[in-house]
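All values below were derived from every heavy atom in this structure, side-chain atoms included, with hydrogens, water molecules and symmetry-related copies excluded. Fair warning: this is a prediction, and the values are worked out from it, not measured in the lab. Here is the naming used below: chain letters follow the sequence lines, and residue numbers restart at 1 for every chain.
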Amino acid sequence: MSLTWPRERRITRRAEYTACYNGGERRSTKYFIVFARHSDLSGTGRLGLAVTKKCGNAVARNRIKRVLRSFFRLHQHKMPPMDIVVTPKKHLRADKFSLSLAEDELLPLLAELSASGVQSVSDSSGDAA
RNA sequence: GGAGUUGGACGGGCUGUCGCCGCGGACGUACGUCCGGGGAGGAAAGUCCGGGCUUCGCAGGGCAGGAUGCUGGCUAACGGCCAGAGCGGGUGACCGCUGGAAAGCGCAACAGAAAGCAGACCGCCGCUCUUCGGAGCGGUAAGGGUGAAACGGUGAGGUAAGAGCUCACCGGCUGGCGUGGCGACACGUCAGGCCAGGCAAGCCCCAUCCGAAGCAAAACCAAAUAGGGAAACCGGCCGGCCCGGCCCAUGGUUUCCGGGUAGGUUGCUUGAAGGCGCGGGUAACCGCGUCUCUAGAGGAAUGACAGCCGCCGCUUUCGGGCGGUACAAAACCCGGCUUAUAGUCCGACUCCCUUU
RNA sequence: CGGGAUGUAGCGCAGUCUGGGAGCGCACUUGAAUGGGGUUCAAGGGGUCGCUAGUUCAAAUCUAGUCAUCCCGA
């Protein structure tokens, strides 16, 4: 199975971000807030990262984004077909952050989202049929 | 050996797996696949200056406003750099500062008699009066005390007491001349007058410079919706009809046009570029020759995870073990400045101690 | 990219323009008043004036640099 993650699987418009913030589900863990919304495109989900200045300087913010992107790339087969926006909380320390920490934090949440997402997809497809 | 001053270079390396963003080539109808090659810094940072570039404005000049400020040079330009001058600090290597206060206005708390065209509290001296304690008038500015700062210093003459009042020397100032230097200035000499305080990072004066905005600049392509302009046809009114005119809730349909939003493309990296060599210059820098191409995104790539090796601490049973490995990431591009930075290496110089 | 504001006692602010004593309110401590508490009255303590340099006799105030926070415009 391929583990690529091209640009088409990212959220690149401000309107799409605000749609996730306003019309999506909101879950939170110890270090992250996750907004998830049903994708307009069929099939694949997309990822958006919003790392604010409160998380540190540019080097720290870049590291957080890269680790999160790597996490979603390696676990993309567990990802539901939704638009997901991840925002770290401000007490996340970039120098202590790693892939294993991201897995501990986000894997249960991903499973939870995919359960509810699959259910809603089957509901909507049933209505269409 | 110790302490220090100053200039420069670097700021992790290798391998594997899985990835990301541009570029070139091949296959290929589009989509896509494969191959090759590239992909953060000395400060990319702060955004404090200067320039290029783009659009707008502009006959020329002035005012206002802002910036800079010893001299000479470098530069596209600069508030930058280099070389020098004066002053200050340091034993020294070396470091720091810089227009004008005899154009004018203004300011100086408290203390002190007095804080700025000088003046006189205690003193000192003379005269007059006296109740013998002193008081009044006048002279004086050497001495005292205050303050951050009190209108030259020392000595002699002089005097009632004194005083640049006079003289000598010293210090400082102004002007002239000579020598050296492109110049800031230095040195020498003559004359004057004995004195002219501080603050311009208070207002100000003088000299020089400055049009404004910024790549979200700007150019091009250009939906949907609303509105604008033009033409044709239809409709209504004036009218018997045509021509013509009007439709003031400026009626409806079609076509065309221009502006322009979302969006897209360009701007976008070959440049006051870098390396090496030679030459000129004390240097900053400049000239010539030759070689190289070195990120170009657009919610924003340059990574994640392993392993080995460096480097630095702590520890050790000398096999090793544990921990750490800075600051900080391009966003139109350059030249500087400022600030942050674990450590490593190299050059030059100064002072002290020891040995020969 | 461009522009602006703020930083002073535990908290909220004045003082900065025009340089000389660091202040106001709440809070805190002590005392009075009450049987006790609150209210009230009186007295008191507490400040590297964000930081670092410079100008000045003297800096919260002036100048330069720097740090942090906040707010605008495109």
Side-chain angles (χ1 to χ4, degrees):
Chain A
M1 149 172 246
S2 169
L3 288 175
T4 64
W5 193 276
R7 179 175 286 279
E8 289 74 32
R9 303 195 60 184
R10 296 189 210 148
I11 301 175
T12 57
R13 296 268 167 245
R14 173 158 182 81
E16 295 164 355
Y17 274 87
T18 47
C20 272
Y21 292 143
N22 296 325
E25 275 187 82
R26 175 178 168 149
R27 304 290 172 87
S28 73
T29 69
K30 186 178 176 189
Y31 291 114
F32 299 99
I33 301 175
V34 176
F35 299 90
R37 182 177 167 274
H38 227 8
S39 180
D40 297 330
L41 303 166
S42 59
T44 60
R46 293 185 300 173
L47 175 66
L49 300 170
V51 184
T52 66
K53 227 173 193 177
K54 288 172 183 169
C55 297
N57 59 20
V59 178
R61 295 199 301 271
N62 271 338
R63 177 172 166 82
I64 291 171
K65 283 192 280 190
R66 283 163 180 163
V67 171
L68 283 173
R69 208 177 287 131
S70 176
F71 163 78
F72 277 95
R73 185 176 64 80
L74 292 173
H75 295 90
Q76 60 181 269
H77 54 283
K78 297 175 184 145
M79 186 171 164
M82 309 174 82
D83 285 352
I84 294 178
V85 176
V86 181
T87 299
K89 296 181 180 177
K90 70 177 178 183
H91 57 272
L92 177 66
R93 295 283 305 280
D95 51 342
K96 299 288 193 299
F97 186 53
S98 67
L99 187 62
S100 58
L101 179 61
E103 284 170 346
D104 292 347
E105 279 276 311
L106 292 173
L107 271 179
L109 189 74
L110 219 57
E112 192 180 328
L113 274 176
S114 67
S116 64
V118 162
Q119 189 185 357
S120 64
V121 163
S122 62
D123 286 353
S124 62
S125 63
D127 289 343

Complementary nucleotide for B:rG289 - Watson-Crick or wobble, under 3.5 Å: B:rC276
Applying ring-ring contact (aromatic ring centres under 6.0 Å, His included), which residue pairs with at least one partner in residues 47-74 of chain A are found, sequence neighbours left out? A:F71-A:H75
By side-chain hydrogen bond (donor to acceptor under 3.5 Å, both in side chains) - contacts of A:T29 (at least two apart): A:E105
Tell me which nucleotide, if any, is Watson-Crick or G-U wobble paired with B:rC233 when both distances must be under 3.5 Å. B:rG252
Checking one value: the base orientation of B:rG133, syn if chi is within 90 degrees of 0, otherwise anti. syn
Is there a side-chain contact between A:R69 and the phosphate of B:rA301, meaning an N or O under 4.0 Å from OP1 or OP2? yes
Rounded distance in Å between the C1' positions of B:rA216 and B:rU261: 15 Å
Quick one, which residues of residues 58-65 of chain A touch RNA chain B with a heavy atom under 4.0 Å? A:A58, A:V59, A:N62, A:R63
Restricting to side-chain contact (heavy atoms from CB on, under 4.5 Å), what partner residues turn up for A:A58, sequence neighbours left out? A:R61
List the residues meeting ring-ring contact (aromatic ring centres under 6.0 Å, His included) with A:Y31, not counting sequence neighbours, and say none if there are none. A:H91
OP1 or OP2 of B:rU302 sitting under 4.0 Å from any side-chain N/O of A:R66? yes
Base-pairing assignment for C:rA32 (Watson-Crick or G-U wobble, both under 3.5 Å): C:rU40
List for me each residue that meets side-chain contact (heavy atoms from CB on, under 4.5 Å) alongside A:R69, sequence neighbours excluded, and say none if there are none. A:L49, A:K65, A:R66
Give every pair of a protein N or O atom and an N or O atom of nucleotides 66-74 of chain C that lie under 3.5 Å apart, one pair per line with the distance.
none

Of the residues in residues 98-110 of chain A, which ones touch RNA chain B at a heavy-atom distance under 4.0 Å? A:L99
Residues forming a side-chain hydrogen bond (donor to acceptor under 3.5 Å, both in side chains) with A:T52, sequence neighbours excluded: none
Report the residues that fulfil salt bridge (charged side-chain N to carboxylate O under 4.0 Å, His left out) with A:R10, sequence neighbours left out, ordered by chain and then residue number. none
